[in-house]
Amino acid sequence: MRLLLVEDDDHVAAALSAVLARHGFAVTHARNGEEALQALLPGEAAPFGVVLLDLGLPDQDGYEVCGKIRKRTRIPVIMVTARADVRSRIHGLNLGADDYVVKPYDTGELIARIHAVTRRPTTAEAAAAPAETELRLGNVRIELPTRQVSVDGAKVQLTRKEFDLLALLAQRPGVVFRREQIISEVWRTSWEGTGRTLEVHVASLRAKLHMPALIETVRGVGYRLVAPAS
């Protein structure tokens with residue numbers, strides 16, 4: 001994923017860019033609002049997946065930049081700033097920011113929030129997409145409205161988080177979900193201290209479904225669901 005980092009402090013930008021690169025992001029650094037807006041002009045390069053926007057920019061206020069970004073594109077914007085008061089957060093969200101992270105922040109949480117906002121459908125997409133009520137993966141049936149799972153017609157009792165985890169992976173069989181992304185989507189929190197919980201839930205799902213190969217561990221990255229043969 002390409003990511004636009006709007007940050008006037010080169011040292012902060014370099015450190016954060018290095019961390020993001022280790023997590024698979026291709027980072028473009030803009031030092032002010034004008035550079036950011038120029039980077040978002042239509043061009044031959046692949047579009048950005050998200051914008052990390054600092055509010056304390058040297059040429060124009062970050063709120064103003066956010067408003068201009070939102071007028072020209074629906075790319076998710078995460079405001080990253082030291083302004084921690086509630087009024088500032090509300091103002092940023094009202095301008096169209098998708099999330100608001102206060103400095104100093106935990107990088108694990110920031111990465112989880114990036115994954116969360118990039119997985120949210122836009123209003124138009126949500127309105128156009130038909131409501132999916134059932135997922136079928138070979139002999140596994142997942143009924144979303146009733147939150148029921150069955151294997152070969154036999155119901156399997158899952159906890160709320162076990163169901164949420166299975167449903168998330170089943171939406172895109174074969175696609176690797178990063179650990180941080182799963183924690184953000186299912187537990188609505190950051191990766192710190194939650195890794196063991198994820199491992200336990202994956203093991204429990206494998207045992208309850210009697211399908212140890214259904215959820216594959218991708219070492220150092222995360223998990224993916226391997227659809228069983230019909």
Would you say H29's side chain and L4's backbone share a donor-acceptor pair under 3.5 angstrom?
-> no

Verify same cluster id: M79, V102 (apolar side-chain graph, 4.5 Å) | yes

Should Q148 and K155 be marked as a side chain to side chain contact (heavy atoms under 4.5 Å, CB included) after you check the CA-CA gap, both sets of side-chain angles, and the distance that decides it?
-> CA-CA 7 Å; Q148 292 184 346; K155 290 185 179 180; 3.5 Å; yes

Say you draw a straight line from CG of L166 to CG of L135; how long is it, rounded to the nearest 0.5 Å?
-> 8.5 Å

Between R70 (side chain) and T73 (backbone), is there a donor-acceptor pair under 3.5 Å?
-> yes

For C66 and A97 the tightest heavy-atom approach is SG-N, 3.9 Å

Do E180 and E109 come within less than 4.5 Å of each other through their side chains, counting heavy atoms only?
-> no

List the steps, then state whether side chain to side chain contact (heavy atoms under 4.5 Å, CB included) holds for R206 with L214.
-> CA-CA 7 Å; R206 288 167 174 162; L214 180 66; 5.8 Å; no

List in chain and number order the residues that pass ring pair (Phe, Tyr, Trp, His ring centres under 6.0 Å) with H23, two or more places apart in sequence or in another chain; answer none if no residue qualifies.
-> none

Check E35, R31, E34 against D59 for a side chain to side chain contact (heavy atoms under 4.5 Å, CB included) and give me the one that passes.
-> E34

Can you find a pair of side-chain heavy atoms, one from D54 and one from D9, that are under 4.5 Å apart?
-> no

Donor-acceptor under 3.5 Å (T217 side chain, R219 main chain) = no

Between N32 (side chain) and L57 (backbone), is there a donor-acceptor pair under 3.5 Å?
-> no

If every non-hydrogen atom of Q60 is compared with every non-hydrogen atom of G33, which pair is closest and at what distance?
-> NE2-C, 3.7 Å

If you draw the axis of the six-membered ring of F177, does the NZ or CZ of R224 fall within 45° of it and under 6.0 Å from the ring centre?
-> no

State the CZ-CD1 distance between R2 and I75, to the nearest 0.5 angstrom.
-> 9.0 Å

Give a yes or no on whether the backbone of V200 and the side-chain of S204 come within a donor-acceptor separation of less than 3.5 Å.
-> no

Nearest-0.5 Å distance, CG of residue L137 to CD of residue Q171 = 10.5 Å

With a 3.5 Å cut-off and no angle check, do the side chains of E143 and T133 form a donor-acceptor pair?
-> no

Is any NZ, NE, NH1 or NH2 atom of the basic residue among R147 and D164 found under 4.0 Å from an Asp or Glu carboxylate oxygen of the other?
-> yes

Is there a chain of hydrophobic side chains (I, L, V, M, F, W, Y, each step under 4.5 Å between heavy atoms) that links L95 to V50?
-> no

Should I215 and I182 be regarded as members of a common hydrophobic cluster, given that ILVMFWY residues are connected when their side-chain heavy atoms come within less than 4.5 Å of each other, either directly or indirectly?
-> yes

Give a yes or no answer on whether the side chain of K161 reaches the backbone of V186 with a donor-acceptor pair at less than 3.5 Å.
-> yes

Do V65 and L55 come within less than 4.5 Å of each other through their side chains, counting heavy atoms only?
-> no

Does K103 NZ have over 12 foreign heavy atoms under 6.0 Å away?
-> yes

Using side chain to side chain contact (heavy atoms under 4.5 Å, CB included) as the criterion, point out the one residue from L3, T28, L5 that pairs with F48.
-> T28

Should T197 and I183 be marked as a side chain to side chain contact (heavy atoms under 4.5 Å, CB included) after you check the CA-CA gap, both sets of side-chain angles, and the distance that decides it?
-> CA-CA 9 Å; T197 299; I183 292 296; 5.9 Å; no

Any side-chain heavy-atom pair of E216 and L225 under 4.5 Å | no

Hydrophobic cluster membership, V101 vs Y63, 4.5 Å side-chain cutoff | no

Could you walk me through whether I78 and Y100 pass side chain to side chain contact (heavy atoms under 4.5 Å, CB included), step by step?
-> CA-CA 6 Å; I78 300 178; Y100 194 106; over 6 Å; no

Using modelled atom types only, decide if a donor and an acceptor are shared between the side chain of H91 and the backbone of R87 within a distance under 3.5 Å.
-> no

Quick one: CG on L20 to CD1 on I114, what's the gap to the nearest 0.5 Å?
-> 5.5 Å

Taking the side chain as C-beta and beyond, is there a heavy-atom pair between V140 and D152 under 4.5 Å?
-> no

Ion pair present between R136 and E134, side-chain N to carboxylate O less than 4.0 angstrom?
-> yes

Atom CZ of F25 and atom OG of S17: how far apart are they, to the nearest 0.5 Å?
-> 12.0 Å

Counting N and O atoms only, with roles assigned by atom type, does the side chain of Y223 sit under 3.5 Å from a partner on the main chain of L198, one being a donor and the other an acceptor?
-> no

Output for pair (R113 CZ, Y105 OH), nearest 0.5 Å, gives 12.0 Å

Smallest heavy-atom separation, A36 atom then V6 atom, equals CB-CG2, 3.6 Å

Counting distance only, does the side-chain N/O of R178 pair as donor-acceptor with the main-chain N or O of A112 below 3.5 Å?
-> no

Residues clustering with V176 (ILVMFWY side chains joined when closer than 4.5 Å, directly or via others) = V218, V221

Indicate if V27 and V80 have the same hydrophobic cluster label, given that clusters are the connected sets of ILVMFWY residues with side-chain heavy-atom separations under 4.5 angstrom.
-> yes

